[in-house]
2 protein chains.
Amino acid sequence: MNSQDVILGMLMKRSLSGYEIKQLFESLFSYFYNSSYGTIYPMLHRLEKEELITKENVLQEGKPNKNVYTITDKGKSQFTDYLLSPVESDSVKSDFLMRLYFGQHVGYEKVLSWLTKEQVHAQKQFDDLTEKYALYHDQMHPAQIICIQIGIKEYQAKLEVIREGMVSIQQCQQEERD
Amino acid sequence: MNSQDVILGMLMKRSLSGYEIKQLFESLFSYFYNSSYGTIYPMLHRLEKEELITKENVLQEGKPNKNVYTITDKGKSQFTDYLLSPVESDSVKSDFLMRLYFGQHVGYEKVLSWLTKEQVHAQKQFDDLTEKYALYHDQMHPAQIICIQIGIKEYQAKLEVIREGMVSIQQCQQEERD
DNA sequence: ATGATATATATCGGAATGATATATTAACTT
DNA sequence: AAGTTAATATATCATTCCGATATATATCAT
């Protein structure tokens, strides 16, 4: 799985510009994939050159013009090939968990600040996914529902541990003062 | 956060060779970070050149010799600086979730095969973390305990949704046959 | 001895990231 | 009217990272 596969997947539903693709990455997709402009635009150029997508310049009122990309039959078959290929293992890079693991090298106060920030962030992500689920789950494919539910339940689990964890760290902090 | 920070963090506890660092990445660290040899060895060379670590060749019996790296005071202060810097947002790339999201483009059978494989993998990771927690939680720092608990609870949540999801997909499959 | 596995290090092409640059239009603010 | 900020939109580049491959030593089983 790389950006090529994900972008082709997005274009299976409807034609998009590079900017719209970036917006999709930042909204719904962000909890299982993300890509920067530095990946998206060069990739779109490559996909066009390989005839997996076609470009169309669209004039807009009140906004700069945009290049809208449409997937070709060749692109569709390429995407299907990807879906039938073996599943790759996930890659996670969590600065937050990393720091918790090395938390012994800083004070309890710092650990608490990390937990507080992560709590806010996770709550936001949870609310966001929960809202999307409530709004669209009747239009979603069963597999898509599972995907969203995993996200929701994972954030829920994380938030529970963070809440309990903050209490335990505060107790440690208290004991230190005695 | 990059490989430099994580490797320095590992060396805070004890001196390690590149091979041992890779093993740490694959065992305990794998659920919040990972790095390949193609990252580790060039990074060790760079860190040595920048005097954040020192190299010592160690002769071994029954095994090839190894280069053991030790963190310097400069390296320790560099690592502390990292811990005090702002927390970066997590990056996740999940081929499994990606495919679920695009599951409408393949049959229910394929979706079930993805779920089955992920179930096996997640169960293994869950068992692994649970065992490590049981064995070492009395020697762990409170922040480290939170870190491991988040992993355990997240896998638990994922496994629950997968179990329920497999039933719902099987029902869809049944309805299709009628 | 041959093959398989574990230990150990190194390198390289291709890919992704994060930052930066550029340009258009709308919407404010002073 | 002029200036600033923000949103839209595309592009590029240095640094970093990943996956694959290569190399070498040692153990053990067949």
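Just so we're on the same page: letters track the sequence lines, and every chain starts at 1. No hydrogens, no waters, no symmetry mates; every other heavy atom, side chains included, goes into these values.
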Roughly how many Å is it from [atom1] in [X] to [atom2] in [N], rounded to a whole number?
X       : N      : atom1 : atom2 : answer
B/Met43 : C/dT11 : CE    : C1'   : 15 Å
A/Phe25 : C/dG18 : CZ    : C1'   : 16 Å
B/Tyr37 : C/dC12 : OH    : C1'   : 18 Å
A/Lys63 : C/dA26 : NZ    : P     : 11 Å
A/Ile40 : C/dG18 : CD1   : P     : 12 Å
A/Asn65 : C/dT24 : CG    : P     : 11 Å

Practice item. Check every strand shown and say whether B/Asn34 touches a base, only sugar-phosphate, or nothing at a heavy-atom separation below 4.0 Å. Key: sugar-phosphate
Exercise for review: Could you check whether A/Glu61 gets within reach of a base, just the sugar-phosphate, or nothing at all, counting any heavy atom under 4.0 Å?
Suggested key: nothing
Are [X] and [Y] within salt-bridge range, i.e. N to O under 4.0 Å?
X        : Y        : answer
B/Asp128 : B/Lys132 : yes
A/Glu154 : A/Lys158 : no
B/Glu20  : B/Lys66  : yes

Check your understanding: Within 45° of the axis and under 6.0 Å from the centre of the six-membered ring of B/Phe32, does NZ or CZ of A/Arg99 qualify?
Key -> no
Review point. Are B/Arg46 and B/Tyr41 in a cation-pi setup, meaning NZ or CZ lies under 6.0 angstrom from the ring centre and within 45 degrees of the ring axis?
Key: no
Review point. So which of residues 10-18 of chain B are in contact with DNA chain C, with a heavy-atom cut-off of under 4.0 Å?
Key: B/Ser17, B/Gly18
Practice item. Taking only heavy atoms on the protein side, list every residue of residues 79-98 of chain B lying under 4.0 Å from any atom of DNA chain C, sorted numerically. Key: B/Lys93
Practice item. Kindly write out the residues that satisfy salt bridge (Lys or Arg N to Asp or Glu O under 4.0 Å) with B/Lys63, not counting sequence neighbours, or none if the list is empty. Key: none
Exercise for review: Let me see the working for A/Asp178 and A/Gln174 under side chain to side chain donor-acceptor pair (under 3.5 Å), right down to the final yes or no.
Suggested key: CA-CA 7 Å; A/Asp178 299 340; A/Gln174 202 55 46; 4.6 Å; no
**Study point:** Contact list for residues 43-77 of chain B, test ring-ring contact (aromatic ring centres under 6.0 Å, His included), sequence neighbours left out
**Key:** none
Check your understanding: Pairs counted as Watson-Crick or G-U wobble with both distances under 3.5 Å: what dot-bracket string results for DNA chain D, using | for bases tied to another strand?
Key -> ||||||||||||||||||||||||||||||
Review point. Closer to the 5' end of DNA chain D via nearest nucleotide, is it A/Gly38 or B/Gly62?
Key: A/Gly38
Exercise for review: For B/Gln23 and for A/Gln4, find the nucleotide of DNA chain C with the closest heavy atom, then tell me which residue's nucleotide is more 5'.
Suggested key: B/Gln23
Exercise for review: Please say whether more than 12 non-hydrogen atoms of neighbouring residues, nucleotides or ligands are located less than 6.0 Å from CD in B/Gln139.
Suggested key: yes
Review point. Any side-chain heavy-atom pair from A/Ile40 and A/Tyr19 closer than 4.5 angstrom?
Key: no
Review point. Do the side chains of B/His121 and B/Lys124 get nearer than 4.5 Å, heavy atoms only?
Key: no
Practice item. Specify whether A/Tyr108 and B/His141 have parallel, tilted or perpendicular ring planes, treating 30° as the upper limit for parallel and 60° as the lower limit for perpendicular. Key: parallel
Check your understanding: Is the distance between the ring centroids of B/Tyr101 and A/Tyr33 under 6.0 Å?
Key -> no
Practice item. Give the first and the last nucleotide of DNA chain D, reading 5' to 3', that has any atom under 4.0 Å from a heavy atom of chain B. Key: D/dT16 to D/dT27
Review point. Do the side-chain N or O atoms of A/Ser3 get closer than 4.0 angstrom to the phosphate oxygens (OP1, OP2) of C/dA16?
Key: yes
Exercise for review: Scan B/Leu11, B/Thr70, B/Ile7 and name whichever one has a side-chain contact (heavy atoms from CB on, under 4.5 Å) with B/Ile53.
Suggested key: B/Leu11
